[in-house]
Amino acid sequence: MKQKKIALINDITGFGRCSVAVMAPIVSAMKIQAVPVPTAILSTHTQFPVYFFDDYTPKMKDYIQTYKDINLTFDAIATGFLGSEEQVDIVIDFIKSFHTKDSFVLVDPVMGDYGKLYKTYTPAMCNKMKELVQYAEILTPNLTELCTLLDEKYPDEGKISLEKLDSMCEKLAEKGPKHIVVTGIPFNKKQILNFIYNTGEDYQIIMSDKIGDDRSGTGDAVSAIIAGMYLNGHTLYESAKKATTFVSKCIQYCEDNKVPNYWGLCFEMFLKDLMED
Ligand code: PXL
């Protein structure tokens, strides 16, 4: 069987386990070749009090041009943390150039958490993200991002009904993405809800135990596993189930070993769980 390739359009962050540093080893464990397309280079992620940040926007066009020159093809394209409006335009151009009928695009609209947007997410950036969403087949927002993309208020304490989630996903799906996984929705003190929406089908849910606080890079691990599993022929439900089981196991390990939240997921300990024959 021909080995598959996925373009990972995301930042490269040295310490803190997020973005490409998490996604590349995860998809590699799933026998998929990772091709990073860097959006920025950071020493640590932006949740640390200090970090070195080198915006890669001015270099991205030349970087990507060589892939056009050698007629490189991808079986999937996954996008994550994006830093500027211009960068979103470059990503849209990348998708227009490399997306084929045999490939899919997963957009993780990394914008915020717990009802709050990250500091870099200006209203203009949010509008740009809405533009990018139109090019996705699979979208993996959290509740904050789902609300922002639809200009809806974040519900008090993240409390939201399944019917409301279904109608929000339906509205978002009209803009492009056929498949949506809303990740990490606060359900009660002990559990987290993940909502699976496939256009034209009944919704599905996956419950997972809430263990400790949020860990940086968890969303990147989830989107990498969903992209990899889906690329390897699994359904969206199976892909999301694998992702939630895997991250729960990693979080439990981190809690047991008192690893600080900002250090991210100790995913290395369980990579073998993602390997299939
Ligand atoms: O995991 C999301 C993410 C990715 N990349 C950078 C980040 C964050 C979240 O804070 O700072 C640089």
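When a residue number appears, it is its place in the shown sequence, counting from 1. Since the model is a prediction, treat every value here as computed from it, not as a measurement.
Distance check: I9 CD1 to M23 CE gives 10.5 Å after rounding to the nearest 0.5 Å. Atom CG of N194 sits about 6.0 Å away from atom CD1 of I196, to the nearest 0.5 Å. Rounded to the nearest 0.5 angstrom, M125 CE and L132 CG are separated by 9.0 Å. Taking CZ of R215 as the start and CG of N261 as the end, the distance is 4.5 Å to the nearest 0.5 Å.
When the side chains of ILVMFWY residues are joined at heavy-atom separations under 4.5 Å, either directly or via intervening members, M30 and Y230 end up in a single hydrophobic cluster. Connection of M60 to Y67 is established within a shared hydrophobic cluster, with ILVMFWY side chains joined at heavy-atom distances below 4.5 Å, either directly or through further cluster members. I138 and V247 fall within the same hydrophobic cluster, where Ile, Leu, Val, Met, Phe, Trp and Tyr residues are linked whenever their side-chain heavy atoms come under 4.5 Å apart, directly or through other members.
For E137 (side chain) and V105 (main-chain N/O), a donor-acceptor pair under 3.5 Å exists by modelled atom type. Here the side chain of N142 pairs no donor or acceptor atom with the backbone of G184 at under 3.5 angstrom. Formation of a donor-acceptor pair under 3.5 Å by the K171 side chain with backbone atoms of L150 is not found in this model. Side-chain atoms of S248 do not come within 3.5 Å of backbone N or O of S208 as any donor-acceptor pair. Of the possible polar contacts, none joining the S103 side chain to the A76 backbone as a donor-acceptor pair under 3.5 Å is found.
Aromatic ring orientation, F74 versus F94: tilted (interplanar angle from 30° to 60°). Note on ring orientation: taking the six-membered ring where Trp is involved, the planes of F81 and Y118 are tilted (angle from 30° to 60°). Under the 30°/60° scheme for interplanar angles, the aromatic rings of Y51 and F53 are found to stand perpendicular. Ring planes of F48 and F15: tilted class, angle from 30 to 60°.
Heavy atoms of other residues, nucleotides or ligands lying less than 6.0 angstrom from NZ of K5 number more than 12. Counting heavy atoms of neighbouring residues, nucleotides and ligands inside a 6.0 Å radius, atom CD of E157 does not exceed 12 of them. Residue D69 places its CG atom among more than 12 non-hydrogen atoms of other residues, nucleotides or ligands, all under 6.0 Å distant. Counted within 6.0 Å of CZ on F187, heavy atoms from surrounding residues, nucleotides or ligands total 12 or fewer; the atom is thus considered open. The number of heavy atoms from other shown groups lying within 6.0 Å of CG (D156) does not exceed 12.
Closest approach of A78 to I6, counting heavy atoms only: CB-CD1, 4.0 Å. Here the closest heavy-atom approach between residue W263 and residue R17 is recorded as O-NH1, 2.8 Å. Closest heavy-atom contact between A21 and F267: O-CZ, 3.6 Å. D55 and Q87 get closest at one heavy-atom pair: OD1-NE2, 3.4 Å. Here the closest heavy-atom approach between residue L172 and residue P177 is recorded as O-CD, 3.6 Å.
T140 is listed as a side-chain neighbour of L106, based on a closest heavy-atom distance under 4.5 Å. Side-chain contact between I226 and L236 is present, with at least one heavy-atom pair separated by less than 4.5 Å. At a threshold of 4.5 Å between non-hydrogen side-chain atoms, the residues K190 and M207 do not count as touching. At a threshold of 4.5 Å between non-hydrogen side-chain atoms, the residues F195 and V181 do not count as touching. Counting only heavy atoms from C-beta outward, the side chains of V20 and P38 never approach each other to under 4.5 Å. Under the 4.5 Å side-chain criterion, counting only non-hydrogen atoms from C-beta, V91 is not in contact with Y135. Two residues are said to be in side-chain contact when any heavy atoms from C-beta on lie closer than 4.5 Å; M269 and C250 fail this criterion. Using a 4.5 Å heavy-atom cutoff, the side chains of I26 and L271 are in contact.
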Yes or no on salt bridge (charged side-chain N to carboxylate O under 4.0 Å, His left out) for K31 and E276, after CA distance, side-chain angles and deciding distance? CA-CA 8 Å; K31 299 196 171 95; E276 290 179 341; over 6 Å; no
Assess whether salt bridge (charged side-chain N to carboxylate O under 4.0 Å, His left out) is satisfied between K249 and D273, documenting all intermediate values. CA-CA 10 Å; K249 199 166 168 183; D273 290 7; 2.7 Å; yes
Side chain to side chain contact (heavy atoms under 4.5 Å, CB included) for V22 and L265? Distances and angles first, verdict last. CA-CA 9 Å; V22 171; L265 286 183; 5.9 Å; no
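Using a cut-off of 4.0 Å between Lys/Arg side-chain N and Asp/Glu carboxylate O, K68 and D93 are scored as salt-bridged. Look at K178 and E201 and you find no salt bridge, because none of the NZ, NE, NH1 or NH2 atoms lies under 4.0 Å from a carboxylate O. Taking the charged nitrogens against the carboxylate oxygens, K128 and E131 do have a contact shorter than 4.0 Å, which makes a salt bridge. K130 and D151 are joined by a salt bridge, as a carboxylate oxygen and a charged side-chain nitrogen come within less than 4.0 angstrom of each other.
For the 3.5 Å distance criterion, the side chains of E86 and T57 fail to qualify, holding no donor opposite an acceptor. There is no side-chain donor-acceptor pair under 3.5 Å between H45 and T13. Residues S19 and D11 bring a donor and an acceptor atom of their side chains to less than 3.5 Å of each other. With hydrogens and angles left out, the side-chain atoms of N188 and Q191 include a donor and acceptor closer than 3.5 Å. In this structure, a donor-acceptor pair under 3.5 Å is present between the side chains of D256 and Q252.
With L193 as the partner, the side chain to side chain contact (heavy atoms under 4.5 Å, CB included) test is satisfied by one option alone out of V182, I206, L162: L162. Evaluated for a side chain to side chain donor-acceptor pair (under 3.5 Å) with H179, the options N198, T235, T199 yield exactly one hit, N198.
Here Y197 and Y203 keep their ring centres 6.0 angstrom or further from each other.
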